[in-house]
Structures are given as structure tokens and as C-alpha cells.
Amino acid sequence: MSNKLDRRDFIKAILAVPVIGGFASLFISPFIRYLKPSSGPLATAEIFKRPDKPSPVQEIRFAISDFPEPWSFKYFMFQETNREYTSVGEQIKTIPGAIVKTLKAEGKEDFVVFSRVCPHLGCVFNFVPVEDEVAAGYNYKPQPGQKVFACPCHLSVYDPMLDDSKGRGKVVSGPAPRSPFKFNFEIEGSEIVIRSLESGGIS
Amino acid sequence: MNIKLPTLDQALKMVTDRLNNVDFFDETYVSKQKDNIWYKLGPLQWLTWIVTIVTGALLVMFYVPTAEQAYDTIIVIQEHIPFGWLIRGMHKYGADAFIIMCTLKMYRMFICADYKNNRELNLWICFFLLLLGFYSGLSGYLLIWNQRAFWATKVFATFPGYMDQFGINLAFLGETMVDKLLALGVPTSLPGTSVATGAGVLLDMKLLNKFINLNLGMTTQQILLGGSAIGQATITRFYSMHMALSTIGLIVTELYFYSNKKKRFNLPWWPDGFLMIAMIASVAMIFPAEMGARANPAVTPLPILSDWYFLALYQMYKYIEPVLATFVTVLIPATVLFTPFFDTSKEMNILKRPVILSLNIMGALNAIAFSVLIILNIANINVDPPYWIFGSTMIVAVGIYFSQLQYAKINRWKLFLTYTVFQFLYLSRIHTVPYFGFNLDPILGKTFLADGPWGRMWVFYGGFFLLLVAVYIFENIAAAKTSKVEAKAA
């Protein structure tokens with residue numbers, strides 16, 4: 001192979017760049033749409049938009065009388081329809097959740113309803129009301145009376161009485177980047193109705 | 001300073017030289033095998049790869065890639081099909097052997113300086129084969145559809161999501177300019193939010209006030225998983241890529257062997273080739289490949305462990321903030337790929353290339369120590385990372401010290417300068433990010449890195465100062481001894 005480059009080759013090479021680039025860009029958009037068919041016809045713009053949102057399957061109801069005192073809690077399973085790029089087009093996923101009655105505090109609801117899918121890397125975390133257990137297993141020593149959620153995978157600890165920019169459940173220990181994803185709920189008479197889940201993360 | 005940029009001819013020559021020196025499986029080093037047995041790794045790498053491909057082709061005859069049937073077909077292969085357990089075991093351990101061969105060969109290439117004399121591309125080939133092994137391993141164990149597969153895939157699919165937080169900082173354009181861009185409809189993750197209140201995911205972290213989010217993370221996740229959750233589409237996609245990547249690699253290497261008239265396996269089949277296959281088969285017989293429990297999206301198993309080659313990476317995720325961990329995960333391969341270009345001396349002896357040696361030792365020690373720690377389930381984000389970073393930098397500092405000792409009479413200021421440049425470019429690269437427009441301080445809030453610049457300085461330069469003290473003491477002791485000897489002689 002000759003290592004000399006004459007002027008003609010140089011000009012050819014320079015001219016080839018926009019031509020090849022143009023052809024390549026013609027294929028990028030269809031290719032990304034092929035991989036991610038939920039993108040619209042203008043995929044190059046569309047891939048920058050927010051993802052297709054999951055939708056709830058069924059609401060879940062709890063009686064308030066099930067939670068007689070602060071820190072009584074229940075786990076539940078919430079079903080969501082997720083987009084899937086198959087011929088079926090969607091699948092139903094089960095999201096583990098927890099509902100906890102918290103202490104009374106000004107400007108806050110009496111309940112927190114969290115998705116138990118850890119916002120860090122997607123493990124399922126638990127409500128750990130026993131302080132000694134948190135201190136022994138999760139590298140975090142709670143203050144007296146402090147009840148926390150804790151994730152067994154990477155030892156993130158969430159305090160439902162503290163807030164971060166995403167609402168209740170501030171991370172007090174561990175690598176998690178934000179508070180847990182929350183369920184949207186309403187209190188209707190003597191019942192708590194859980195309707196949908198804050199979007200984001202992998203389910 | 002006299003920096004010469006290469007001309008176009010020279011640049012082309014750089015590329016063609018490297019292309020002419022291509023070597024896939026050590027077929028150009030056959031003559032070296034007698035002196036150095038580590039040059040047999042290349043042929044063995046090829047052999048383990050072929051064992052994996054052949055056994056894989058046999059497994060495909062029975063495997064059904066659907067969420068309902070995948071686990072059952074594995075049980076059928078394992079228990080009811082004659083020799084199915086052996087084929088599956090050899091597939092698994094063949095792949096493990098391939099990854100071991102690739103890793104050892106990478107180390108050999110660094111230690112024996114195989115990347116010198118315009119052969120950097122060979123190291124790249126070996127590294128891409130290693131990545132192929134990693135990806136095939138990951139996509140392969142999802143296909144079993146057991147608990148470990150499901151949760152490991154979840155972690156693997158979750159961490160690219162943090163790329164959403166790699167924004168593009170447009171603060172240098174000024175607030176009015178950014179506002180204009182937003183008004184024009186430039187996408188952000190929180191459409192319609194003004195600059196003043198802050199636009200985008202990065203603001204979740206209070207990281208930046210002005211930026212454009214490309215939504216890279218979510219797009220990558222959805223393309224990987226084939227949707228917004230792990231399910232049937234994920235199995236289909238992983239299955240297709242699991243086979244496609246090896247097939248493409250096989251075609252490329254076969255074309256190369258054919259057109260260059262090279263031999264594929266440059267070792268005698270008896271005993272070397274036979275022994276390798278026998279080893280894989282006997283391991284498959286003694287330690288049959290595990291099944292695990294069927295995947296259950298509602299329960300995370302404890303402890304959650306990945307395959308052995310990802311353990312160190314998982315431990316790192318316990319230690320650093322996820323955004324940075326993702327960043328570092330991308331930067332480790334970049335480091336490996338570009339380090340050879342900085343080792344420009346003609347020296348081939350590893351003992352006379354102390355920086356490369358210390359980098360190799362640091363990498364190996366990190367991988368081993370992290371793997372041990374995750375198995376023992378030891379991780380405290382508030383305590384451990386300083387020791388880790390301190391130790392790593394110390395090892396490299398020793399390498400730099402010896403390189404200075406070797407190439408010049410030691411000059412502490414030069415050493416200090418080298419170390420500073422090294423720190424800023426290399427190990428502390430994540431901390432150099434703020435100097436290029438990103439301010440990562442707020443998201444480092446929970447780790448020791450929150451100690452501020454002076455605290456960080458201590459962690460990064462503490463090792464260096466200790467080293468200087470040690471050097472001072474040792475040199476003075478040595479000087480005192482020699483002066484005593486001289487005094488006696490006199």
C-alpha cells in the first residue's frame with residue numbers, strides 16, 4: 001500500500017466525508033426506530049423524549065383501621081402494564097410496595113406509600129422497624145424512635161420522616177441517588193386508594 | 001516546547017502499520033512459544049472460544065427462548081437429554097476459560113510489551129474479545145431465567161440509566177442563550193421548566209442549572225431490554241445478540257485466517273489441545289453447572305452475586321455514587337485501550353517500565369480485593385473508599401518513583417510534577433470533571449469526597465507525601481551507611 005497521498009486523493013477523501021456522513025445519517029434514524037419501535041417517525045428527535053410510560057392495571061384499597069398506630073405497615077403488590085417490543089406489545093409487571101403509617105408531622109400525610117424497588121440498582125428493599133437490626137445489618141445507627149426502610153443489596157437506608165427534592169424518604173445512608181419512587185394515593189372516607197406509581201426506573 | 005503534529009501521510013502510515021501488524025490469536029508469535037509459554041495463550045483462547053461455540057450450537061437444538069419455557073428447557077437439557085448436562089457444563093466452563101485466557105493474555109501483552117512497535121491494535125483486539133466474553137456471559141446467564149440471571153440483568157440494565165445524568169453543560173453560553181434554546185424546543189428531561197428553576201434530571205441532583213439532557217440512559221435501557229421492563233423481549237434480544245456477536249467474530253477471524261493463510265491453532269492437538277478440552281470437560285463433570293431457582297421478580301435473593309468476573313465491578317457500585325460508578329465503568333475500558341499509546345519508550349523489560357507494572361498490579365489487586373470483599377459482604381461507603389483510593393494511588397506512586405529513579409537522577413520537584421499530572425489525568429479523573437464544566441460536588445455529598453477540595457487533596461496527596469518521607473528516610477540511611485563505609489575505608 002502506498003503511503004503517499006497526492007492532491008487528488010486528498011480532495012477525494014475530503015469530499016467523501018459529507019457524502020458518507022449523509023448516507024450514514026440516513027440509516028441512523030431508521031435503525032434506532034427499529035431497535036426502539038415506540039419512537040415516532042422522527043426518531044432522531046424522538047429518542048430524546050421521555051420514555052413510554054407504564055399504566056396501572058388496578059387500584060388497591062386499604063382500610064385506615066388496618067393501621068391502628070404509627071409504624072404499623074403492610075406490603076402489597078401493585079400491577080402495571082409495561083411496554084414491550086414484541087408482537088404482544090406489553091406485559092404486566094408486579095411492583096412490590098409498602099404502606100406505612102408514620103408519625104404526625106406538620107404539612108405531611110399520615111401515610112407513606114413507597115415502591116419497594118430501590119432507585120439505586122433495582123433490588124427490593126424492606127421496612128425495618130427494629131433499630132438493632134438496622135445497626136447490625138445496614139451500616140447505619142438509627143436515632144431512638146427513627147424507623148427506616150433499608151435495602152439489603154447495597155445497604156441504602158431511607159428515612160420516611162425526612163424529605164429530599166423528590167419528596168419523603170430521604171437517603172440517610174448508602175449509595176442511593178434519591179428517595180424511593182412513590183405511589184400516588186388518596187384517602188377516600190375510611191379507605192386509602194393507591195392509584196398509580198411515579199414513573200422512572202426499571203421494573 | 002516543540003510539539004510536532006503528524007502530517008496526513010504520517011497519520012495514514014500510523015493506521016496502515018497497525019493494520020499490517022494485526023494478530024488475533026498469537027499466530028505471529030509461534031517462534032516465541034518455546035522461550036515463553038505465555039505465548040501459548042493465544043491458541044488456547046481460540047480453542048476455548050471454539051469449544052464454547054460448538055457446545056452452544058448443540059444447546060440451541062433444545063433451548064426455547066421464552067419467559068415461560070426457558071427455565072424448563074434448561075431442566076430438560078440438564079436432566080433428560082443424554083449428555084445434556086455435560087454439553088451445558090462445557091459451554092459454561094468453556095466460556096469461563098475463554099475469559100480467563102483473554103484476561104491472562106491482556107496481562108501478558110502489557111508485561112511483555114506486545115503492543116509496542118506499532119502493535120497497539122492487537123491489544124484492542126484482545127480487549128474486544130474479552131468484552132465479547134463479558135457480554136456473552138451476561139446475556140448467556142439471563143437465558144437460564146433463574147434468580148441470579150434476573151437480578152444481575154436488572155443491575156446491568158439499571159446502571160446505564162444513570163447516563164441520563166450526564167448532561168451537557170451549557171452554562172458557558174449564558175442564561176439568555178440557554179433560555180432561547182429551551183424556547184426553541186431543545187429537549188430536556190423536564191420539558192417546560194425554566195432555567196431559573198432549573199431544567200432537567202441533573203437538577204434532581206442539584207447538579208447543574210443549565211444543561212441539555214439527551215436522555216441517553218433511558219434510551220439505552222429500552223434498547224437493551226426491548227421495553228421498559230425485563231421480559232420476553234429481553235430474552236429474545238439477549239438470545240439474538242448472544243449468538244450474533246460470536247458468529248460475526250467467527251466470520252471476521254475466519255476471513256482473516258483465510259486471506260492471510262495463517263494456521264488457526266498453533267499448538268499440537270496432542271497433548272496441548274486435548275488437555276485443554278479435557279480440563280473443561282472434567283471441570284464440567286466434577287462441578288456441574290448450577291441451575292438456581294426460577295426467576296421471581298418479587299423477591300431479591302440474598303446475597304445477590306453475579307458471575308465471578310463482574311464481582312469487582314459490583315463491589316465498586318457499593319462504594320461510589322451510581323453516576324460516577326457508571327462513568328468509571330465506561331472509563332476503565334478507555335484507560336486500558338489508551339494506556340499503550342502513552343508507553344512510547346523502546347524498553348521491553350517490564351521491570352524497567354515501572355509505571356505500567358504498577359498500573360497492572362493496581363488493577364489486579366483491585367479486582368481481587370473487591371471480589372473477596374463482595375463475597376465476604378463487607379462494604380461501608382462511609383469508611384472504606386479512602387483506603388481503597390489511597391492504596392491504589394500509593395501503588396502507582398511507587399511506580400512513578402521508580403520510573404524517575406530509572407530515567408533521571410531523582411528530582412523531587414519533577415516527581416511531584418509527574419505525580420500531579422498523573423493524578424489529574426488518571427486516577428483522579430473523576431475529580432477533574434469539575435474543571436471541564438461539571439460540578440460533581442453536590443452528588444458526592446454522601447462519601448468521603450464531601451470533605452471538600454482540601455480533604456480530597458489529603459486523600460490523593462497523602463500517599464505521595466508519605467512516599468517522599470519514606471524516600472527521604474531510606475536515602476539518608478543509605479547515605480549514612482555509605483559514608484560509614486567510606487570512613488572505614490579511609
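Not measured: the values here are computed from a predicted model. Proteins get letters first, then strands, A, B, ... in listed order; numbering begins at 1 in each.
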### Task
Mark yes when over 12 heavy atoms from residues, nucleotides or ligands other than A:Lys182 sit less than 6.0 Å from its NZ; otherwise mark no.
yes

#### Entry: Part of B:Phe156 within contact of chain A (heavy atom distance under 4.5 Å)
neither

### Query
side chain to side chain donor-acceptor pair (under 3.5 Å) with B:Ser240: which residues, sequence neighbours excluded?
none

#### Entry: Euclidean distance, B:Leu225 CG relative to A:Tyr85 OH, rounded to 0.5 Å
9.5 Å

### Residues forming a salt bridge (Lys or Arg N to Asp or Glu O under 4.0 Å) with A:Asp159, sequence neighbours excluded
none

## Note on the structure
Closest heavy-atom pair, A:Tyr34 versus B:Arg237, reported as atoms and distance to 0.1 Å, is O-NH2, 4.4 Å

### Query
Crowded around A:Glu188 CD? As in, over 12 foreign heavy atoms under 6.0 Å?
yes

### Task
State, to 0.1 Å, how close A:Val117 and B:Lys154 come at their nearest heavy-atom pair, and which atoms those are.
CG1-NZ, 4.3 Å

### Message
Please give me the minimum heavy-atom distance between B:Ala233 and A:Glu84, naming the atom from each residue.
### Response
N-OE2, 3.3 Å

### Message
Under a 3.5 Å distance rule, please check whether B:Gln222 uses its side chain to pair with a backbone N or O of A:Lys36 as donor and acceptor.
### Response
no

#### Entry: Interatomic distance, B:Trp151 atom CH2 to A:Leu121 atom CG [nearest 0.5 angstrom]
11.5 Å

#### Entry: A:Leu35, part contacting chain B, at a heavy-atom distance under 4.5 Å
both

